[in-house]
Each structure stands twice: as structure tokens, then as C-alpha cells.
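To start, the structure under review is shown below, and the notes come after it.
These numbers come from the heavy atoms of this one structure, side chains and all, not from hydrogens, waters or symmetry mates. Within every chain, numbering begins at 1; the chains are lettered A, B, ... in the order of the sequence lines, protein sequences first and strands thereafter.
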Amino acid sequence: MNDVIVAILRSGTPLIYVTMAGVVAQRAGIWNLGLEGLMIIGACATIVGIVLTGSFALAMLIAIVLCVLASVLLWFVIEKLRANPIIAGLGLTGLGLGGTSLAVQAIFGSQAAVTAPFGVPRLGPAFGPFGVLSVFVLAMPLVVFAMWVLLRRTRFGLRLAASGEHPFAARSVGANPSRMRLLALIIGGVLCAIGGAELAAGSLQIYAQNMTAGRGFMAFAAVIFGAAHPIGSAFAALFFSVVAAVGIRAQLLFGDAVPHDLLLALPYMATVFGVWLSGKLRGGHKAATGFAELRDY
Amino acid sequence: MTGKFVSVLRGLIFIVVALALCGVIFQFAGYSALGMFRSVIEGAFFRPGAWEQSLRWALPLFITAAGVGISFRAGYFNIGAQGQFYLGAISAAFVAEWLNGAPAFVVIPACFAAGMTGGALWALWPGLLRLQSGTDEVITTLMGNFLAGLLLVYVTAGPLKDPSGSGQQASSRPLAASYRISDSLGLSPTIIVIAALVAVAMWLLVNRTAFGVLASLAGRNPTMVQWQGATVWRLGLSSFLISGALAGLAGTIEFMGPNGRLAGGFLPTHGFTAILIALVANLSVVGTAFVSLFFGGLASAALYLPIMAGLPSSAIEIINAAIALFITAKSGFVDRLLAFGRRSA
């Protein structure tokens, strides 16, 4: 049983960090489809940083700086140039996936996977069977709780939500919606860097091309499923990881009886189901995507 | 007239901005940005046979993008062209396998029908979910892309596996030569005629039918269209089906033409590029045809770059992504410039 919990925490933690990034952006009124790109930048920068600097703290700092820079770029394009957030987010994702491939090629001369000598610090033997988990796993519930406090119990969180839902109201109390969104995306950049670092260096210490494999989009789906509530969305992300873990379990148990690719498809199917359910529960209401404005400038 | 001019100018300006961003990234990665762009342009248009290659990529991209444009016009953010493209190729491959041995004039139309149906069905479920229960189609179509990719891996390693193939990459049995609609270069009169037919049909549909006009209006203001007496969900579902069918058609062409077989990971960013094309072209059919040529050139250059020493093909991915980042931008700068011009005139 313990190893199942360890597996779920391992696969769920990166997803939950990135989901929190999506939650902050969503509350501020930005559909952040760049999460996938930010996550791969975080993953790549951490591993490459460890290899080049030999220090985990420095590598983490590099990852955070790069993810925040990419987030600021996204903010600039969406807010200042009034680009469509969905297309711009997909563009950022493409930049992240292509840019990390290019960076690895430029630094190591080939696009093969990069292995780091060490990863995120572990909890250690004091935690028994959970000692193999990284410290980010231990911090995860605290971060989710902190996000809940920040978004639901502080002046900042309320102003953020106002900026997302009714920018006019936010402006009337002196909050600058544009600046609130910038702050939301910067917080999101830091969280994505941690999520990417946990993915690449949490248990395996390896970076491979496109290793996020749609997790950023799954995190975005978790935001929708959880109605952009930090705790609800975290549970939605956890649900996707449980489904993935069940898939891997089933593969070990049934061997060749069930097609391998069908089991790999389970998290994506769960995502579709989750988004369908959340749409159903909210009576078919759909948040504005800003897409109508694309046609009417 | 001025409006059109402004939007073209705006598009061009932001493509230049995107290319400048790419230049900065390439310089940082230790490549010469100018050298990179020179080899991209050379690979797309100036090396021997480059135009044929560019056109070979442009035609399926155009067909897919024309479909994406229809669903975008109707206000639905169908970003699942990639999955619909895969499903088209997979359905066509199944039919080709079942009808193996039948005369070509039976097999080829059957494959096309199957491919378009397969693509349309892969667009149908996100469409139904969206219209029935408000499920966000951005996520469902996106997840559909991943599912279709896994399905492609599954069928090429399972039901459609070529037993004589090498262990390197699973693929289906090669299509018999008499069923192929082009050689492996990928350009043939058949494909050109199909693309031309699609172009004419889509132009007529968008500009000369009630469906096209109402769907475009529905994308801007569904309430108004409803008051006009049109059934919004029927317009929406049709737009999903048309875009899926066209992506499936492009997949079928790719399978029966240049590839001649299904392989595990073919054409990774085709659907995404099609979305860009539709947006750069401002969703107009004629514009889509021209913009497809540009992006077809980029796709052709992507294959040429690795041959040039040390230039990774991910460079094209980066260029595409940077264009995506900026292409929907609506800078007030261009508008102010033009307003200033009018005032002083």
C-alpha cells in the first residue's frame, strides 16, 4: 500500500504545483495554457542547472528566473498587446518545448536525455518508506493551504478575483487589474518552476525531450474541474494522478491482457470526464474565453 | 479596404516581432540568427526542388487549416485538428487493409470516405459535449489529440502492425502501389485537384451560403443569430463536423500519398500549424491558401535544417511558436499610426 501512496505522491506533486499556478492565473482572469511550456522550462533548467553548477539551490534559482521571465512575456503579450490568451499560451508552450530542445542541443551537442548526479533533497530515513520522496512533496500540502489563504482570506486574493471577474469593480477600489495579473503570473511562474523541478529531479534526476507529456494541460483541466478553488483543484489533480497510478498498477497486474496504450490513455480520459462533469455541474455555463473579441476588433 | 490593409499590416508587423524574438533565442543558444534565417529561407524556397517540397507540405496544411477556420468562425475553439488528422489516417488505413486486393477505383474513394468520417467523428464528441453540457472544447479537443496519438501508436503496434517491419518503429503494412495517390515526394495532380476542390467548396460555403454567413455571425453573437431564427447548436455541430472531416481528409492524403503507410509518430505539429495558418489568414479562405504556402515552406525547411550541420529542426518549432505568441496581438500602435496618417491628410 505504501508504495502505491508513494507513487501517487510522486506523480501527483508536480501536477499539483502546476495546478496551483493555473489557479492563480485563472482567478486573475487568464486562461493559462502556457503551463505546459513553463513546466518543461522548469524541468529542463533544473537538470541542466544541476549539471552545470553542481548546486541544487543555484539550479532552482535559474529555473525560477527563467519561468518568471517566460510568464512576464506571456503577461506582456496578453495584457499589453491584447493577444488571445489561449493562442498566446499555446505559443508559450511551443516556445518552451522547442526552446528546451534547442538549449539541450546547444549545451550538450545532442538531444539525448540528460542525467543529473543528484536531485531535489530527499526526506531521508526518518520518514520510513516515504523517505524516498523529495522535500517538495512534504511542502506541497503547505503550499496548497497557503494558496487557499492567499486567494480566499487576504485582501490581495479578493482583489485578484475581482480583477478576473469584474475588472471595473477592481479598478473602482484602486486595484490595477493589469498589475494584479502580472503578479498572478509571476507567482505562477515560481510554482511552475517548482513543479517542473519536482517532475525532473524529484525521483528520477533526468530530463528528456517533451517529458511533460501533456501534464501542463492536465493541470489546466484540473483548474477547470476544481472551479479554480485551490483545494478543489489540488484534489482534481490528485484524482488524475490516482488514475495514472491505477493504470500503471493494472499494467503490472494484467500484463499483456490489456493494451498498454489504453492504460496510458486513462489520465487523458479522466481529464475529459472531469471537465465534462464540472461543465455539467455548473449547468452548462461557460466562462468567457475572450475569443469573441478576436473577431471584433 | 482600410480595415483589411490594417489587419494585414498588423499581421506582418507581429510576424517580424516574432522572428526577432526567435533571433534572440537562437543567438543565446549559440547559433547565428542570420545564418539560421538564411538557411530557413533557402530550405523553404531556394534550394533545388524546394518549391515542390513547400507545396507538398502546404496542401495538407491548407486543407486542415480551412477546416479549423470554419470552426473558429462559428466561435468554437477546436484545437483538435491534430487528433482528427490522425483519426482520418487511421480510418483510411483500416479500410485499405480490409479492402486489400479490391480494384483501386473502389478502394481509394472508400478510404477517402472513411478518412473524412473518422476525422468528423473525432470532432463530433467534443462538439456534442460542448453543445450538450458546456464542456470546454479547448480541453476536450486537446485531450483528443493525446488520445489519438496513443491510438495511432496502438494500431501501428497492434491491429495494423506490419509483421515484416523492423523492430525500430512500428508501422502498418505499406499501401499497395496501385492505391497510392502520389509517390513519396508527395505532390501529384490528384492531391492538387483535391486541394483546389476544397478551396472552392470552402470559399462558396463561407461566402455564398446561408450556413457560412450564419455560422460566422453565430461566432460573434450567438444570441442575435438565435433571434434570427437559426438553430445555433446545429450550426455549431456542423462546423465541428466540417472541420473534423477536412482534418481527416488531410490525414488520408498524408497516408495514401507521401507516407504510404501508418507510422508511430508522423507529422507531430501539423494540427497546431494549421491553427496558426487559420489565424494568420484572419480566417479567410483565400488568405489561408496563401499563408499555407509560407508555413509549408517552413515545414519543408524543417527537414532541410538538420542536413545543414548543427541546426536542429526544433528551430522551426520555435519560429511557429513565437508566431503563435504574437499573432493575435492587437497593438494600438499600428492603429494610432494610421489614424495619425488620416488626420494629417
### Message
Could you check whether atom CZ of Phe235(A) has more than 12 heavy atoms from other residues, nucleotides or ligands sitting under 6.0 Å from it?
### Response
no

### Summary
Here the gap from Leu325(B) atom CG to Phe76(A) atom CZ, rounded to the nearest 0.5 Å, amounts to 10.5 Å

### Message
Taking CH2 in Trp233(B) as the centre, count heavy atoms belonging to other residues, nucleotides or ligands within less than 6.0 Å. Is the count above 12?
### Response
no

### Rounded distance (nearest 0.5 Å) linking atom CG of Leu33(A) with atom CD1 of Ile79(B)
6.0 Å

### Residues of residues 89-97 of chain A within contact distance of chain B, non-hydrogen under 4.5 Å
Leu90(A), Gly91(A), Leu92(A), Gly94(A), Leu95(A), Leu97(A)

## Note on the structure
Across all chains, not counting sequence neighbours, the side-chain hydrogen bond (donor to acceptor under 3.5 Å, both in side chains) partners of Ser284(B) are none

## Note on the structure
In terms of heavy-atom contacts, Met218(A) and Met143(B) come closest through N-CE, 4.0 Å

### Greater than 12 external heavy atoms within 6.0 Å of Phe28(B)'s CZ
no

### Task
Would you please go through residues 265-275 of chain A and name the residues with a non-hydrogen atom below 4.5 Å from one of chain B, in numerical order?
Ala265(A), Tyr268(A), Met269(A), Thr271(A), Val272(A), Val275(A)

### With sequence neighbours excluded, residues passing side-chain hydrogen bond (donor to acceptor under 3.5 Å, both in side chains) with Asn78(B)
Gln84(B), Ser243(B)

### Message
Report which part of Leu21(B) has an atom under 4.5 Å of a heavy atom belonging to chain A: side chain, backbone, both, or neither.
### Response
side chain

### Message
I need the residue from Leu151(B), Leu142(B), Ile25(B) with the largest number of non-hydrogen atom pairs under 4.5 Å to chain A.
### Response
Leu142(B)

#### Entry: Phe225(A) and Ile139(B), any side-chain heavy atoms less than 4.5 Å apart
no

### Message
Heavy-atom pairs under 4.5 Å with chain A - which of Ala322(B), Ala321(B), Ala29(B) has more of them than the others?
### Response
Ala321(B)

### Message
So Phe217(A) and Asn145(B), do their side chains get closer than 4.5 Å, heavy atoms only?
### Response
no

### Task
Give, for atom CD1 of Ile87(A) and atom CZ of Phe272(B), the distance between the pair rounded to the nearest 0.5 Å.
7.0 Å

### Task
Counting only heavy atoms closer than 4.5 Å, note whether Ile275(B) contacts chain A via side chain, backbone, both or neither.
side chain

### Greater than 12 external heavy atoms within 6.0 Å of Glu165(A)'s CD
no

### Task
Kindly indicate whether the side chain of Trp276(A), heavy atoms from C-beta on, has any atom under 4.5 Å from the side chain of Gln132(B).
no

#### Entry: Between Leu102(A), Leu73(A), Val77(A), Ile78(A), the one whose heavy-atom pairs under 4.5 Å with chain B are most numerous
Leu102(A)

#### Entry: From OG (Ser101(A)) to CD1 (Ile318(B)), nearest 0.5 Å
7.5 Å

### Task
Compare all side-chain heavy atoms of Leu81(A) with those of Phe14(B) and state whether any distance is below 4.5 angstrom.
yes

